[in-house]
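Only one structure is covered here, and it is reproduced in the block below.
These numbers were taken from a predicted model, which means no experiment stands behind them. Numbering starts at 1 and runs along the sequence shown.
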Amino acid sequence: MQSAGHRFRDVEHHPLLNESDGYDSPPSEGELTDRVWFIRDGCGMVCAVITWMLVIYADFVVTFVMLLPSKDFWYSVINGTVFNCMAVLALTSHLRTMLTDPGAVPKGNATKEYMESLQLKPGEVIYKCPKCCSIKPERAHHCSICKRCIRKMDHHCPWVNNCVGEKNQRFFVLFTMYIALISAHALALCGIQLFTCVRGQWTACSNFSPPVTVILMIFLCLEGLLFLTFTAVMFGTQIHSICNDETEIERLKSEKPTWERRLRWDGMRSVFGGPPSFLWINPFAGLQIRRLIRARKGGTEFSV
């Protein structure tokens, strides 16, 4: 289809519009900073609930099986505070990853009127996604689960029930980091507890019976090993992608970069925002609460 001296192509890959090029009417300031996104996907919602249950289980075992029965007051207070704070940060990062718009391109904006408003040069080629009828900016890919094109889409993660993209990658990195930290912390506490119980012949080492204590600790160790391995690998992969300014999809497809790659620290500043500071590791940064709810087909958006 040709219109106004430019070409319009229905293709899925290699878009030519830059991320900074306009493709929607300017949103309000509140929409830019406070939009919350939720995908109604059964598998993703189940995985998200399982994630929360496993973190809560780990917190229960650490707090009530290992720390509260300890005779060392400061050992219990310090480890309990550190573990619970990191668990809260991990779950907050998970929520913000799941409820943040990853960078969805507006649906159905590939209209003749909008094309003409772009004031394209004669012969300039732009690309349209045939699945969601959207003009695709550079480095955007279509997600079949979110049913949207996502800017700088890295991958769709069922454990956070969302895509990891331009706007929520920071929270996903924090989620993997804090889960890896609490997993390592839990494994260390399990080792100390096991040594204490064996040395004391299981007397007064827990408020639970020895068989129950052993079973709870075995499950926690298995969970900790699994989570530590998975999240540590994901964390390293994400940092590597950010430093190389290349998403996982682009790496797997061996796409040749048509964009100017950022330097390593420029990439980190772009994802985490501003110069290095404690705000980089704070998932609460920029969080504001509003009670406005809006629903859309294929996903629900809340203004928070």
(message) Less than 4.5 Å apart, side chain to side chain, heavy atoms only: is that true for Pro102 and Val164?
(response) no
(message) With heavy-atom distances below 4.5 Å as the criterion, would you say the side chains of Ile239 and Met177 are in contact?
(response) no
(message) Would the distance check show the side chain of Asn162 and the main-chain N or O of Leu99 forming a donor-acceptor pair, the cut-off being under 3.5 Å?
(response) no
(message) Assigning hydrophobic clusters by single linkage (Ile, Leu, Val, Met, Phe, Trp, Tyr; side-chain heavy-atom cutoff under 4.5 Å), is Val173 placed with Phe278?
(response) yes
(request) Mind checking the CD-CD spacing from Glu248 to Glu246? Nearest 0.5 Å is all I need. (result) 8.5 Å
(request) Please check if the side chain of Asn207 supplies one atom and the backbone of Phe64 the other of a donor-acceptor pair under 3.5 Å. (result) no
(request) Apply side-chain contact (heavy atoms from CB on, under 4.5 Å) to the pair Leu181 and His185, showing each step before the final yes or no. (result) CA-CA 6 Å; Leu181 289 175; His185 192 186; over 6 Å; no
(message) Is it the case that the side chain of Tyr178 and the backbone of Val88 share a donor-acceptor pair, with hydrogens and angles ignored and the cut-off at 3.5 Å?
(response) no
(message) Which label fits Phe272 and Trp280: parallel for a plane angle under 30°, tilted from 30 to 60°, or perpendicular past 60°?
(response) parallel
(request) Start with the C-alpha gap between Trp37 and Thr100, add the side-chain angles, then the distance that decides, and say whether side-chain contact (heavy atoms from CB on, under 4.5 Å) holds. (result) CA-CA 5 Å; Trp37 169 272; Thr100 298; 5.9 Å; no
(request) Mark yes or no for whether Asn79, through its side chain, and Tyr75, through its backbone, hold a donor-acceptor pair below 3.5 Å. (result) yes
(request) Compare every heavy atom of Arg151 with every heavy atom of Ala104, then report the nearest pair and how far apart it is. (result) O-NH2, 3.8 Å
(message) Within this structure, what is the CG-CG distance for the pair Leu225 and Leu220, rounded to the nearest 0.5 Å?
(response) 9.5 Å
(request) Keeping the roles fixed (side chain from Ser70, backbone from Met66), state whether a donor-acceptor pair exists under 3.5 Å. (result) no
(request) Please examine the side chains of Leu89 and Pro283, heavy atoms only from C-beta on, and report whether any two atoms are closer than 4.5 Å. (result) yes
(request) Find the distance between CG (Asn168) and SG (Cys157) and round it off to the nearest 0.5 Å. (result) 10.0 Å
(message) Looking at Val105, is its backbone amide N or carbonyl O close enough to the side chain of Arg148 to form a donor-acceptor pair, meaning the two atoms are under 3.5 Å apart?
(response) yes
(message) Whether the side chain of Ser76 engages the backbone of Leu68 through a donor-acceptor N/O pair (distance < 3.5 Å, no angle test) should be reported.
(response) no
(request) Please check if the side chain of Thr97 supplies one atom and the backbone of Phe171 the other of a donor-acceptor pair under 3.5 Å. (result) yes
(message) Looking at Val77, is its backbone amide N or carbonyl O close enough to the side chain of Thr81 to form a donor-acceptor pair, meaning the two atoms are under 3.5 Å apart?
(response) yes
(message) What's the separation between atom OG in Ser206 and atom CG in Leu67, rounded to the nearest 0.5 Å?
(response) 11.0 Å
(message) Would you compute the distance between atom NZ of Lys167 and atom NZ of Lys152 and round it to the nearest 0.5 angstrom?
(response) 13.0 Å
(message) To the nearest 0.5 Å, what is the distance between OG on Ser93 and CZ on Arg170?
(response) 8.0 Å
(request) Side-chain contact test, heavy atoms from C-beta onward, threshold under 4.5 Å: evaluate it for Phe175 versus Thr51 and give yes or no. (result) yes
(request) Using the side-chain contact (heavy atoms from CB on, under 4.5 Å) rule, take Met45 and Val49 through it: C-alpha gap first, then chi angles, then the decisive distance, then the call. (result) CA-CA 6 Å; Met45 290 187 287; Val49 170; 5.6 Å; no
(request) Spell out, as yes or no, whether a donor-acceptor pair under 3.5 Å connects the side chain of His141 to the backbone of His155. (result) no
(message) Which heavy atom of Phe227 sits nearest to which heavy atom of Ile179, and what is that distance?
(response) CD2-CG2, 3.4 Å
(message) What verdict does the side-chain contact (heavy atoms from CB on, under 4.5 Å) test give for His156 and Cys146, after you've listed the backbone C-alpha separation in whole Å, the side-chain angles of each residue and the deciding distance to 0.1 Å?
(response) CA-CA 9 Å; His156 184 95; Cys146 296; 3.7 Å; yes
